[in-house]
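The structure appears below as structure tokens.
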Number of protein chains: 2
Amino acid sequence: MMMDMQSVADILRSHGFKVTPQRLAVYDALQNTTEHPNAEMLYNMLLPSYPAMSLATVYKTMEIFDQIGLAQVLNIGEDSYRYDARMENHPHVRCNTCGRVDDIMEFEDEAIMEQVAKLSDYKLTGRQLYFYGECPKCQGKKKKYN
Amino acid sequence: MMMDMQSVADILRSHGFKVTPQRLAVYDALQNTTEHPNAEMLYNMLLPSYPAMSLATVYKTMEIFDQIGLAQVLNIGEDSYRYDARMENHPHVRCNTCGRVDDIMEFEDEAIMEQVAKLSDYKLTGRQLYFYGECPKCQGKKKKYN
DNA sequence: TTATTAATGGATAATTACTATCCATTGAGT
DNA sequence: ACTCAATGGATAGTAATTATCCATTAATAA
């Protein structure tokens with residue numbers, strides 16, 4: 001179910017990439033957060049344990065992870081990309097108030113894909129579904145304090 | 001049904017923006033294409049008739065159109081934004097082979113919005129649905145020549 | 001129609017996320 | 001352990017977008 005460190009190392013090696021502490025650290029950080037960090041957020045998360053970490057390394061590492069299927073890139077309409085270690089294709093929802101981005105797991109999208117394929121005559125291979133609104137926490141705040 | 005020049009002028013004025021030939025020209029160009037141009041494509045489309053047109057003007061104009069609801073911005077995962085004068089929220093599909101972007105009109109998305117609202121507990125206000133694949137034309141080419 | 005004034009267009013500089021380059025260092029197979 | 005290509009970090013470069021500046025223009029009032 002959950003990808004562990006050992007298999008991440010194997011996947012890197014099997015694609016001809018070296019296994020380095022930095023790469024394992026980046027993957028570990030991404031794996032252990034639900035906040036869909038961008039490169040700079042990852043960099044700042046890693047700085048305390050890896051003071052020599054470079055932002056360029058984060059970018060290069062994420063490009064590799066994207067290539068070999070260890071992470072996916074999100075393009076939610078902000079000024080920077082976010083990253084997600086969950087590899088099943090799933091929609092995301094962003095709170096317009098606080099900016100948090102959440103996964104929407106267990107979303108059933110086969111009917112959509114069929115509908116779009118029929119309407120477009122495209123042979124579909126992928127999708128990116130982004131939703132926008134107000135998260136439960138921000139809704140609560142509004143009710144209490146506004 | 002279709003937005004004409006007169007009402008574009010009215011909408012600009014009603015939001016306190018001046019009505020200028022450049023703005024009408026940008027809107028006209030965007031209205032009369034289905035290829036979802038980015039700023040540079042729009043600029044190049046307009047150059048023949050408006051040799052003095054500036055790329056900065058296109059950007060500024062599109063920002064205004066986005067604000068006042070005369071166009072929407074698409075973020076399809078390319079390195080630049082594309083624009084669409086069709087204001088009903090609708091999905092888009094991009095051909096991975098030739099890069100064209102098509103509208104998917106008549107897409108029924110109420111069921112999706114309900115499903116996502118239920119799964120996320122967000123109060124949803126918007127969505128951006130992007131699909132990727134191979135367009136009919138490129139499928140045909142592949143079958144014939146590859 | 002003209003005068004007045006604030007908005008605008010175009011030129012250009014600045015910003016910023018991201019990518020490429022360079023070289024000393026390091027991981028991994030021999 | 002040895003060898004060497006891959007890597008990390010520093011830094012420069014790229015490219016889309018945004019901000020600035022000022023002469024010009026559109027809109028309102030007279």
Which nucleotide wins on minimum distance to the side chain of [X], given the candidates [options]?
X: K18(A); options: dG9(C), dA16(D), dT26(C); result: dT26(C)
X: T57(B); options: dG9(C), dC18(C), dA27(D); result: dG9(C)
X: E40(A); options: dT8(C), dA17(C), dG8(D); result: dA17(C)
X: S54(B); options: dA6(D), dG9(D), dG10(C); result: dG10(C)
X: A56(A); options: dC18(C), dA20(C), dG8(D); result: dA20(C)
X: F17(B); options: dA17(C), dG10(C), dT8(C); result: dT8(C)
X: Q22(B); options: dA26(D), dT7(D), dG9(C); result: dG9(C)
X: P21(B); options: dA26(D), dT7(D), dC18(C); result: dA26(D)
X: T20(B); options: dT8(C), dC18(C), dT11(D); result: dT8(C)

Problem - Check: R86(B) main-chain N/O paired with Q31(B) side-chain donor or acceptor under 3.5 Å - result: no

Practice task
Please check if the side chain of N32(B) supplies one atom and the backbone of D28(B) the other of a donor-acceptor pair under 3.5 Å.
Solution key: yes

Spacing between [X] atom [atom1] and [N] atom [atom2], to the nearest angstrom:
X: M62(A); N: dA20(C); atom1: CE; atom2: P; value: 16 Å
X: L12(A); N: dA6(D); atom1: CG; atom2: C1'; value: 12 Å
X: E63(A); N: dA17(C); atom1: CD; atom2: P; value: 18 Å
X: D79(B); N: dA15(D); atom1: CG; atom2: C1'; value: 8 Å
X: H15(A); N: dA6(D); atom1: NE2; atom2: P; value: 16 Å
X: E78(A); N: dT16(C); atom1: CD; atom2: P; value: 16 Å
X: N44(A); N: dA17(C); atom1: CG; atom2: P; value: 12 Å
X: I64(A); N: dG8(D); atom1: CD1; atom2: P; value: 7 Å

Practice task
Tell me whether the centres of the aromatic rings in Y122(B) and F131(A) are closer together than 6.0 Å.
Solution key: no

Handout entry: N or O in side chain of R13(B) less than 4.0 angstrom from dA26(D) OP1/OP2
Key = no

Handout entry: Distance test, side-chain N/O of Y59(B) to OP1/OP2 of dT18(D), below 4.0 Å
Key = no

Practice task
Please report how far the helix from dT1(C)-dA30(D) to dT30(C)-dA1(D) bends, comparing the axis fitted to its first five pairs with the axis fitted to its last five, to the nearest 10 degrees.
Solution key: 40°

Practice task
Would you check if R127(B) and L129(A) make a side-chain contact, meaning some heavy-atom pair closer than 4.5 Å?
Solution key: no

Problem - ILVMFWY cluster, L47(B) and M41(B) together (side-chain gap under 4.5 Å) - result: no

Problem - Donor-acceptor pair under 3.5 Å, K60(B) side chain vs dG10(C) base - result: yes

Problem - Most 5' of S80(B) and Y50(A) on DNA chain D, judged by nearest nucleotide - result: Y50(A)

Problem - Donor + acceptor pair across side chains of D102(A), H92(A) (<3.5 Å) - result: no

Practice task
Could you note down all residue pairs passing side-chain hydrogen bond (donor to acceptor under 3.5 Å, both in side chains) where residues 53-81 of chain A supplies at least one of them, sequence neighbours left out?
Solution key: N38(A)-S80(A), N75(A)-N75(B), E78(A)-R82(A), E78(A)-R94(A)

Exercise for the section: Identify whether any heavy atom of A52(A) sits under 4.0 Å from a base atom; if not, whether one sits that close to sugar-phosphate; answer base, sugar-phosphate or nothing. Expected result: sugar-phosphate

Exercise for the section: Taking atom CD of E88(A) as the centre, report whether more than 12 heavy atoms of other residues, nucleotides or ligands fall under 6.0 Å from it. Expected result: yes

